[in-house]
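Hydrogens, waters and symmetry mates play no part in the numbers below; they use all other heavy atoms, side chains included. Chain letters run A, B, ... following the sequence lines, proteins first, then strands; residues in each count from 1.
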Protein chains: 2
Amino acid sequence: MSNGRPPTSHDVASLAGVSQSTVSLVFRGAASGRVSERTQRAVVDAARQLGFRPNADARRLRTGGPPMVLIAIPDIVNPFFARVFTGARAAAREAGFQVVLSVQRDLDSVAADVTGQRIDAVLACSLQDGGRPLEDPVPAVVLDAEPPQGQSSVRFDIAPALTELVDHLHRLGHRSIAHLRSEVRTATFRERTEAVDAACARRGMNRMPVASALNIDAAREAATALLPAPAGSGGCPPFTAVVCDDDVLSVGVYKAAQDRGLSVPGDLSVSGIDNVDLATAVTPELTTVDLPGEELGATGMHRLIAHLERGGGSRGGTGGAATTECVRLPARLLIRGSTAPPADPASRG
Amino acid sequence: MSNGRPPTSHDVASLAGVSQSTVSLVFRGAASGRVSERTQRAVVDAARQLGFRPNADARRLRTGGPPMVLIAIPDIVNPFFARVFTGARAAAREAGFQVVLSVQRDLDSVAADVTGQRIDAVLACSLQDGGRPLEDPVPAVVLDAEPPQGQSSVRFDIAPALTELVDHLHRLGHRSIAHLRSEVRTATFRERTEAVDAACARRGMNRMPVASALNIDAAREAATALLPAPAGSGGCPPFTAVVCDDDVLSVGVYKAAQDRGLSVPGDLSVSGIDNVDLATAVTPELTTVDLPGEELGATGMHRLIAHLERGGGSRGGTGGAATTECVRLPARLLIRGSTAPPADPASRG
DNA sequence: ATGAAAGCGCTAACAG
DNA sequence: CTGTTAGCGCTTTCAT
C-alpha cells in the first residue's frame, strides 16, 4: 500500500475528503471554532491511518521558528562541562532560544555534527586549539579557550588563585613541588602552567613538571613513576606537594601515593583544579580551585545573545572591531584537607 | 542599510549581477567546471558582503537530508548516561543517522526541547515513569525504563548481580544490612529494591531500607542519621553492610562512616551500582555492579534503526504487535575492596 | 557557462 | 465553517 515517501498533508486531505488547508488548520491547533468537530475527527483519523507527521522543515521554512543556538562541549563525562552547559542552556532558554548540544572535541566535528541544521549562533566551550574559525559567518562566542579569530571569549582568570595556592604552600614550608600537567594542548592548560611556573619562580621554589592524559589511570601511572620506590628504599620524594591541573589528575596522585604507602596530606600535599564531585569524594577532601562553570556558560550565552540582538549577523562594513571582547571570570581557591606542611621540612637538606 | 530579514540567495544574485540559480550552484559546491572562476568570486564576495547563509530549512525541504534521531538522557552530570549516549551515538553515526541530544528528565520537556525539529526517531534513556507516550507516531525505543506504551525497550538484568551480592555478603557472615535507595521513582530503582528484598528474604537476612536523593550530600546525611552517634556512645550500627542503589550514594555512605569514625570495610561493607569513576576514586575501591552503558545505548540504537529500516513508520493496520520487544542486558558484579566480614559477628547477639 | 521556471510541504491571508 | 491562492528559500531540470 504505502508509497515510498512519507505522507503529506495533501494525502491526508484527500483521504479525509477535505482540503489541504483544513488539514493544516487542524495540525496547527488552530482548528477550534473554525473546523467542525466531525471534520477534525476525520482529519485526525486519516492522519493516523497514514502515519502522517507534519514536515518540520516545510513548516519552519514558512514560519521561521525560534532562533537556534548551538552549544558545543568537548566531553560529556566531565562534570565541569556539564555545569557550563547547564548555565548556558538556562540563559538561552530564558531568552527564547532553542538549544542544540554537540559533544565534540574540535570545531570541524561540531560542524559535521550539525550539517544541514539551522544554527543561528554558536557557543563553543574549551575547543581544541588551532581549529580554524568557522567558515560560516555565524556569530560565535568562545568559552575557556583562545578565540580563533576576532571572536569574543569568556575565560577564567586562574593565575591569581594558582599564585595564592603556591604562596600558601610556600607559607606552610613547602619548597619543592611537582606540577602534574595535562597533555591536552589548550590555552587554559598553557595558562595554568605559566601561572604555576611564575608563582614558583617568584618564591624561589623548585618545580618539577610532568604531563599526563586527563584520566585517573594515566595520572596514577605518571605519579607513581615520580614517587619513590616502595617501602624500604629509604626515599622521600624530591618534592612535598603535587599541584595538579585538574581534579581528575589529583585523584590519580592520591591513588599513587597510596600505592607507595605515602599519606596525603601527611607526606604529600595534593591540589587540583575544577572542584568537581570527585574533589569532595576523596579522603581527605581535595584542595582545589573552583571554576564557576555555570557562570561561564551563562555569561557566554548572554554575550552571544546581546551580540545577536544588536544585529550581529556580521553585516557589511559595519566596523565590527569593538565586538571582540574577552571577559575573565574569577576562579576561587578552596583550601581543604589536603594542604599541610611537609612531613620533614629538612627533607631536601 | 540592512533590511530586517536575513539575506537570501536572490539578494546575493542581484548584488553579484547573476541569477539566483548560479548562487545556488556555488553554495552547493557544484560550481566547479560549470561556473566561471570570475563569476564564482563575484558570488562569494557578494555573499560575504551581505552576510549570506543558505537557509538550512529551505535546503532540507528540497533535498530531504539525512534522517535524524533524538537521544534523550535525563542528566548530563552522571557518567553513566554519558556512556549510554556515547554508545548510542556511535551506532547512529555508523548507520548514517544524524544525532541530536536532549538532556531532560521527562518526555514532555524533551518534546519541548525539540519542537519544530525534524526528528525521525527517538531513543529515550531512563525517563521518569508515568510520562505518557509521545503523541506523535515517532518510532521510539526506551532504555533502562518501563516502556510507556507498546514500545520496545532495552534494559538491564540487575537482579542476578544483586542476588549474587547479597549472597556474597551472607557468605561473609553479614546478617543485617541497610539498603540505601534512590528517591527517584523509576522502574530501574524499583527493580533494584525488589531484587535486594527478595535476596535478603531468601537468605533470611535483616534489611533496613532508607531513601535518599541521588547526590553525595543527601546520601551522606541519610547515612549519618542511620549510623550510631559519635565515639563513646558504645554502639555499633544495627547492620554491618550498606547496599546502595547507586555509586553516588555509596560515596555519601563512605563520608558518613568517616564522620562517625567507622572504617570501611572494617566496620561497614559498602556497595554501589553503576561502576562510574567515583567507584575507583574512593578508598577502598567500591564493590559495585557494572552496568554496560555503552552497550545499552548501542543495542537500543540498533533496534531503533532496524525498526526504522523495515518501515517502522507505524503504517496503518500492519499488525504492529510483534514489534514490542524487551531485551535485557546482563549486569556484572564487581567485588572490590569494600566487601569484608563484619567487625564483630556477634554484634546483634 | 548561465538563466528561467517548477516545485519541495507547509502556513496564512483571503474568499466564499 | 471550508477552499483557493500565493508564497517561504532553496534545488534542480531544461533551455539557452
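Under 4.0 angstrom from either OP1 or OP2 of C:dA1 there lies no side-chain N or O belonging to B:R34. B:T39 has a side-chain polar atom (N or O) that falls below the 4.0 Å cut-off from OP1 or OP2 of C:dT2. Under 4.0 angstrom from either OP1 or OP2 of C:dT2 there lies no side-chain N or O belonging to B:T22.
Between the C1' atom of C:dG9 and the CG atom of A:L50 lies a distance of 15 Å, rounded to the nearest Å. Atom CG in B:L25 sits roughly 11 Å away from atom C1' in C:dG3 (whole-Å rounding). Residue A:F27 contributes atom CZ, which lies 16 Å from atom P of C:dA12 at whole-angstrom precision. One atom, NE2 of A:H10, and another, P of C:dG7, lie 12 Å apart when rounded to the nearest Å. Atom CG of A:D57 is separated from atom P of C:dT11 by 12 Å (rounded to the nearest Å). A straight line from CD of A:Q20 to P of C:dC8 spans 12 Å, rounded to a whole angstrom.
Here the CZ-CD1 distance, from A:R83 to A:I73, works out to 12.5 Å after rounding to the nearest 0.5 Å. Rounded to the nearest 0.5 Å, atoms CG (A:D144) and OG1 (A:T186) are 7.0 Å apart.
Looking at heavy-atom distances under 4.0 Å, A:S21 makes contact with a base. Looking at heavy-atom distances under 4.0 Å, A:G64 makes no contact with the nucleic acid at all. Among the protein residues, A:R60 comes within range of no part of the nucleic acid, since none of its heavy atoms lies under 4.0 Å from any strand. Within the 4.0 angstrom heavy-atom criterion, only backbone atoms of the sugar-phosphate kind lie near A:S9; the bases stay farther away.
Note that the first and last nucleotides of DNA chain D, 5' to 3', having any atom under 4.0 angstrom from a heavy atom of chain A are D:dC1 to D:dG9.
Defined by atom type and a distance below 3.5 Å, a donor-acceptor pair is present between the side-chain atoms of A:Q20 and A:S9. Residues A:S21 and A:S24 bring no donor and acceptor atom of their side chains to less than 3.5 Å of each other. B:T86 and B:E294 are not linked by any side-chain donor-acceptor pair at a separation below 3.5 angstrom, with hydrogens and angles left out of the test.
Crowding of A:R93 atom CZ: a count of heavy atoms from other residues, nucleotides or ligands under 6.0 Å exceeding 12.
Between B:R118 and B:D57, none of the side-chain N atoms (NZ, or NE/NH1/NH2) sits under 4.0 Å from a carboxylate O, so this pair counts as no salt bridge.
For C:dG7, its base sits under 3.5 Å from the side chain of B:R62 at one donor and acceptor pair at least.
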